[in-house]
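In what follows, a structure is listed as structure tokens, so that the remarks can point back to it.
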Amino acid sequence: MKASLVLLTALFITSAHQTLSGESSGDWTYSVSDSQATITGYSGVGGAVEIPAVVNEISVVKVGSGDLINNIFGNGNTTVTSVTIPDSVTSIGDFAFGYCTNLTSITIPDSVTSIGDIALYSCTNLTSVNIPDSVTSIGVSAFSFCTNLTSVNIGNSVTSIGEDAFYHCTSLTSITIPDSVKSIGDWAFGYCTSLTSITVDTGNLNYSSVDGLLFNKLQTLLIQYPAGILDDSYTIPDSVTSIGVSAFSFCTNLTSVNIGN
């Protein structure tokens, strides 16, 4: 795990449980900019939570203020089990739901276009997520340490997947990358120890997959050997001229690798 993730983890663990200051409406705290509201805090009892589309007659367009000390529900929340985001929202901010350890599901509407950095960091009980076609970017460490995440549906408009986006999702077994993706950050699938297959849409102009492995389009760069593959040996194709960062990280079943010509 890289130093940046270690620093973020230490910062989050040591932070206090606070509600962000600002205007309030019922259980919600929010800020206003250009006559649009951003939900910044919650003081309700938890359980299944529906975020409002309007607060005090102001439309809610964003959830999460990007504050890396506190998220909407308070760093380390254990009361919220599910979240429904209204279709007025266009972006999920940085660390919006980080460390919500009992969150099992989140509903992201078709209106959302971006998922911020560490947006659902360490939501350890989240089992599946549907990223709609409206989303174009998945931020750095957006789903890192979501250790029970088994199913991720990536929409057809995502163009970038940030570094460490799914780092340490140890229950994730397969992932399909649509043709829209143009960039995938280092360690995006690092420590995904159950991952056995990465499939890339054949129409993708930047990436490809062979036998469940992730390559660039021309297959000159080996990007990721899924750590959950049970084979004990692998021969790198002769087309490959370079091996990507963390390409063989945590591949504990491998005992030998034959490098091609």
**Prompt:** Under 6.0 Å between the ring centres of Tyr121 and Phe145?
**Reply:** yes
**Request:** Assess whether atom CG of Asn153 is packed by more than 12 heavy atoms of other residues, nucleotides or ligands within 6.0 Å.
**Result:** yes
**Request:** Indicate, with yes or no, if Val63 and Ile108 share a hydrophobic cluster defined by side-chain heavy-atom contacts under 4.5 Å among Ile, Leu, Val, Met, Phe, Trp and Tyr.
**Result:** yes
**Message:** Less than 4.5 Å apart, side chain to side chain, heavy atoms only: is that true for Tyr207 and Ile198?
**Reply:** no
**Request:** Please examine the side chains of Val257 and Tyr225, heavy atoms only from C-beta on, and report whether any two atoms are closer than 4.5 Å.
**Result:** no
**Asked** Which of these, Thr255, Leu213, Ile259, sits in a side chain to side chain contact (heavy atoms under 4.5 Å, CB included) with Tyr234?
**Response** Leu213
**Side-chain donor/acceptor of Asn77 to backbone N/O of Val80, under 3.5 Å** = yes
**Message:** I'd like to know whether NZ of Lys217 has more than 12 heavy-atom contacts from other residues, nucleotides or ligands below 6.0 angstrom.
**Reply:** yes
**Message:** For residues Val200 and Leu172: do they belong to one hydrophobic cluster (side chain heavy atoms under 4.5 Å, members Ile, Leu, Val, Met, Phe, Trp, Tyr)?
**Reply:** yes
**Asked** Would you say Val210 and Val240 are hydrophobically clustered, going by side-chain heavy atoms of ILVMFWY under 4.5 Å?
**Response** yes
**Prompt:** Got a second to check how far Leu103's CG is from Ser122's OG, nearest 0.5 Å?
**Reply:** 11.5 Å
**Request:** Go through Ser171 and Ser194 one step at a time and tell me if the side chain to side chain contact (heavy atoms under 4.5 Å, CB included) criterion holds.
**Result:** CA-CA 6 Å; Ser171 297; Ser194 295; 5.6 Å; no
**Item:** Within-4.5 Å side-chain heavy-atom neighbours: Cys100 and Asn71
**Value:** yes
**Prompt:** Rounded to the nearest 0.5 Å, how far does CG of Asn253 lie from OG1 of Thr196?
**Reply:** 11.5 Å
**Prompt:** Taking atom CG of Asn102 and atom OG1 of Thr79, what is their separation to the nearest 0.5 Å?
**Reply:** 8.5 Å
**Asked** Do the rings of Tyr191 and His168 sit parallel, tilted or perpendicular, given the 30° and 60° boundaries?
**Response** parallel
**Distance-only polar pair, side chains of Asn56 and Tyr30, donor-acceptor under 3.5 Å** = yes
**Message:** Any heavy-atom pair between the side chains of Asp133 and Asp110 that's under 4.5 Å?
**Reply:** no
**Message:** If you define the side chain from C-beta out and look only at heavy atoms, does anything of Ser249 sit under 4.5 Å from Trp187?
**Reply:** yes
**Prompt:** What distance separates Ile229 CD1 from Cys251 SG, expressed to the nearest 0.5 Å?
**Reply:** 7.5 Å
**Value rounded to 0.5 Å, distance of CG in Asn216 from OG in Ser242** = 7.0 Å
